[in-house]
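So the structure is just underneath, and the comments pick up after that.
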Protein chains: 2
Amino acid sequence: MRTVTIADVAKHAGVAVSTVSYVLSGKRAISATTRQRVLDSVRVLGYHPNAGARALASKRAKVIALVLPLRAGMNLPVLMQFATSVVTTARQYDHDVLLMTADEGTEGLHRVAASALVDGLLLMDVEIHDPRVPLLRKLAEPAVLIGFPADPEGLTCVDLDFARAGALCADHLADLGHREIALLGAPRVVYERGTGFAERTMAGFVEAARRHGIEADARPCEESFDEVQAAVKLLLDERPGLSGLVVHNEAAAGHVLGALRILGRRVPEDVSVVAICPDDIAERASPALTSVLIPAEDVGRQAVRLLMAKLDGQAVPESTLLEPRLTIRESSR
Amino acid sequence: MRTVTIADVAKHAGVAVSTVSYVLSGKRAISATTRQRVLDSVRVLGYHPNAGARALASKRAKVIALVLPLRAGMNLPVLMQFATSVVTTARQYDHDVLLMTADEGTEGLHRVAASALVDGLLLMDVEIHDPRVPLLRKLAEPAVLIGFPADPEGLTCVDLDFARAGALCADHLADLGHREIALLGAPRVVYERGTGFAERTMAGFVEAARRHGIEADARPCEESFDEVQAAVKLLLDERPGLSGLVVHNEAAAGHVLGALRILGRRVPEDVSVVAICPDDIAERASPALTSVLIPAEDVGRQAVRLLMAKLDGQAVPESTLLEPRLTIRESSR
DNA sequence: CCTTCGCGTCGAAGCGCTTCGATGACCTGC
DNA sequence: GCAGGTCATCGAAGCGCTTCGACGCGAAGG
């Protein structure tokens with residue numbers, strides 16, 4: 001069966017091709033009766049506009065690019081959640097999502113933009129000195145970044161407010177009366193890459209602790225059980241009075257609990273633990289972890305909304321920070 | 001700056017538009033000198049063919065759809081690996097990847113196919129009685145499935161040979177001399193959905209154990225630490241002689257080790273543990289887990305290759321099973 | 001020497017859609 | 001009763017590319 005074109009619909013409905021187009025796009029007034037007739041024909045014939053033709057004629061592909069990183073130290077579940085939310089939200093705006101990996105690099109972005117394959121770009125995991133940023137500034141296509149480069153001037157960036165997240169953890173522990181706390185962060189490589197969010201969390205944490213006038217310590221943390229255990233042991237040896245621990249490392253969160261158990265520290269009686277991680281991981285742990293949620297879904301949704309606004313030619317804020325939320329569970333007291 | 005079209009290239013190179021097209025597609029012989037002149041112009045002008053126009057004229061979008069599930073019990077890291085490998089491989093064939101979620105359902109597949117947005121489909125996590133299969137049989141666009149529906153007749157399916165994976169674990173434990181073994185599988189909901197791979201693993205495991213004449217037990221397993229611990233305890237109580245444990249549940253693998261530790265069983269001295277999971281998880285555990293790798297990358301690559309072959313009109317096998325590979329680490333002896 | 005052939009190139013016809021300007025038909029108000 | 005305006009619809013001109021048939025030219029064949 002030959003594929004149905006707009007001409008078939010027009011003939012079936014007894015109207016001009018352009019009329020069908022206007023019914024479908026709503027860009028000109030069409031009488032109710034005609035509209036209905038056209039819509040019926042569309043349904044009867046099972047018409048779907050040809051995407052290529054539409055893109056060619058309208059200069060809008062109705063597709064956005066989602067550029068995902070795939071490197072060490074990335075936090076896969078959060079990435080997936082994020083991707084899911086982007087796709088779902090984009091569909092609500094009648095757009096599709098083209099998936100790209102970050103290692104296509106600047107050239108890849110240029111390719112999809114120049115070929116008009118996509119109307120806009122969504123980049124995840126932007127680094128402080130991201131080589132793609134200069135290109136984005138030049139590109140005609142609008143872009144939204146997840147994460148913040150050193151200079152967000154002229155860009156549109158969204159992210160969880162990681163400084164607030166770090167601070168929230170410190171606040172929580174301070175409020176509970178802890179006087180010596182520490183943060184176990186992402187693997188060292190993440191900091192070396194200058195990914196920003198990890199540093200901002202640490203900074204927020206340390207600053208909040210200072211404000212409360214309590215002792216705080218923050219260091220990177222690798223992800224294998226043995227390394228986590230070693231790190232926890234070292235920390236506890238160095239700081240015997242330590243009673244509050246923040247873990248900003250999804251893969252390590254479970255291991256930290258295991259390590260404390262082995263080291264004979266009870267949670268939360270001896271040590272309170274707060275994690276920065278998705279809820280499902282926190283809930284699956286034992287004891288269930290008090291945690292600050294990384295709202296991947298919100299970030300994805302916001303990012304798409306901003307991009308759609310830019311596609312509509314609306315002005316949008318350069319920077320959007322999402323408020324973190326602390327959920328108290330069993331691991332802190 | 002106006003975007004560069006093929007006409008600009010043609011003028012710059014002093015040839016006809018069609019000549020430029022033939023140089024770029026290689027579908028007709030072009031003299032070396034002309035070819036070079038055109039190629040130079042392309043480079044100088046920074047020409048990128050317009051995707052929509054190309055798709056319209058050639059009836060090939062050079063885009064494939066990747067349909068990912070996003071439901072409970074899915075194993076995110078493996079999914080990401082898979083997606084990455086699909087994108088990378090597709091790019092090698094000069095194709096892009098449109099990301100869709102499974103909950104767009106049959107209708108979504110129909111939409112992208114009918115609108116010629118994509119040339120082919122890649123579906124992950126196909127269920128035994130998948131409602132999308134009938135549509136795929138009708139569709140003009142070729143499709144490749146990851147996983148097997150009840151009747152793969154007329155389809156193209158790829159997957160890890162999970163029965164072999166289960167058997168491999170049983171073989172390994174039997175070879176080590178264990179006489180009573182058990183498998184902890186995916187959460188119950190996964191079996192209820194009829195996802196196939198979970199059942200096939202169990203079946204392969206049980207069958208291999210039977211062949212070795214040893215006792216085997218297989219049951220679902222939830223993913224929270226407490227439930228894992230309860231399940232392990234129950235198993236150990238019921239089967240005091242149990243000395244070999246297979247875990248086919250990525251989220252639970254770490255928890256199983258923690259539970260055994262708490263229950264006072266040493267790994268591997270008292271109980272040998274084998275996991276079916278990605279290598280990074282196995283390596284990060286303590287002790288490092290002997291594991292059967294889920295070769296997400298291979299599956300993705302194979303799937304794209306098969307799809308590309310179908311797009312070229314080549315015949316491909318209905319079913320492709322990938323051989324699992326066992327890596328011996330510290331958790332079994 | 002003329003025909004035949006193949007090679008390299010060109011021009012033009014679409015592909016299916018959007019959008020602009022034009023055209024009637026019909027109303028409004030003076 | 002007619003100028004002016006509105007509303008609904010139409011026709012046609014592209015959008016940028018691929019592809020088909022045609023054509024000119026030099027080499028090969030008789």
Side-chain angles (χ1 to χ4, degrees), chain A residues 1-39 41-42 45-63 94 111-117 119 140, chain B residues 1-39 41-42 45-63 94 111-117 119 140:
Chain A
M1 95 207 181
R2 215 179 95 279
T3 85
V4 184
T5 75
I6 197 173
D8 299 328
V9 176
K11 200 181 307 166
H12 187 272
V15 298
V17 162
S18 50
T19 302
V20 176
S21 177
Y22 285 124
V23 166
L24 262 20
S25 71
K27 293 194 178 175
R28 278 199 188 176
I30 296 288
S31 70
T33 61
T34 305
R35 177 205 304 314
Q36 197 50 58
R37 204 141 32 87
V38 169
L39 257 20
S41 299
V42 165
L45 300 178
Y47 169 67
H48 285 260
N50 178 296
R54 184 212 282 277
L56 179 58
S58 71
K59 311 203 158 310
R60 294 299 222 90
K62 295 219 178 200
V63 176
D94 198 21
R111 179 180 63 85
V112 295
S115 66
L117 233 190
D119 303 324
Chain B
M1 99 208 182
R2 217 181 92 281
T3 85
V4 184
T5 74
I6 196 173
D8 300 327
V9 175
K11 199 181 308 167
H12 187 272
V15 299
V17 162
S18 50
T19 302
V20 176
S21 177
Y22 285 124
V23 166
L24 262 21
S25 70
K27 292 194 180 176
R28 278 199 187 174
I30 297 287
S31 70
T33 62
T34 305
R35 177 205 307 311
Q36 197 51 56
R37 203 141 33 86
V38 169
L39 256 21
S41 299
V42 165
L45 300 179
Y47 169 67
H48 285 260
N50 178 295
R54 186 212 280 279
L56 181 58
S58 71
K59 312 203 158 306
R60 294 299 222 93
K62 294 215 178 205
V63 176
D94 197 22
R111 181 180 63 84
V112 295
S115 67
L117 233 190
D119 303 326

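Chain letters run A, B, ... following the sequence lines, proteins first, then strands; residues in each count from 1.
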Self-check item: Nucleotide range of DNA chain C lying under 4.0 Å from chain B heavy atoms
Solution: dG8(C) to dG16(C)
Quiz item: Rounded to whole angstroms, how far apart are NZ on K27(A) and C1' on dT9(D)?
Solution: 18 Å
Practice problem: Report the C-alpha separation of V9(B) and H12(B) in whole Å, then their side-chain angles, then the decisive distance to 0.1 Å, and conclude whether the side chain to side chain contact (heavy atoms under 4.5 Å, CB included) test is met. | Solution: CA-CA 5 Å; V9(B) 175; H12(B) 187 272; 5.7 Å; no
Practice problem: Applying salt bridge (charged side-chain N to carboxylate O under 4.0 Å, His left out) between D94(A) and each of R60(A), R54(A), K62(A), report the one that passes. | Solution: K62(A)
Self-check item: Heavy-atom closest contact (Y47(A) atom, L24(A) atom, distance)
Solution: CE2-CD2, 3.7 Å
Exercise. Hey, which sits more toward the 5' end of DNA chain C by its nearest nucleotide, V17(B) or S58(B)?
Key: V17(B)
Quiz item: Which part of the nucleic acid does S21(A) contact within heavy-atom distance under 4.0 Å: base, sugar-phosphate only, or nothing?
Solution: base
Quiz item: Does the pair D8(B) and T5(B) meet the rule for a side chain to side chain contact (heavy atoms under 4.5 Å, CB included), with working shown?
Solution: CA-CA 5 Å; D8(B) 300 327; T5(B) 74; 3.6 Å; yes
Exercise. First locate atom CG of L117(B), then atom NE2 of H48(A), and finally report the distance between them rounded to the nearest 0.5 Å.
Key: 11.5 Å
Quiz item: Does T19(A) have a side-chain nitrogen or oxygen under 4.0 Å from the phosphate oxygens OP1 or OP2 of dC10(D)?
Solution: yes
Exercise. For residues A116(A) and A61(A), report the shortest heavy-atom separation together with the two atoms involved.
Key: O-CB, 3.7 Å
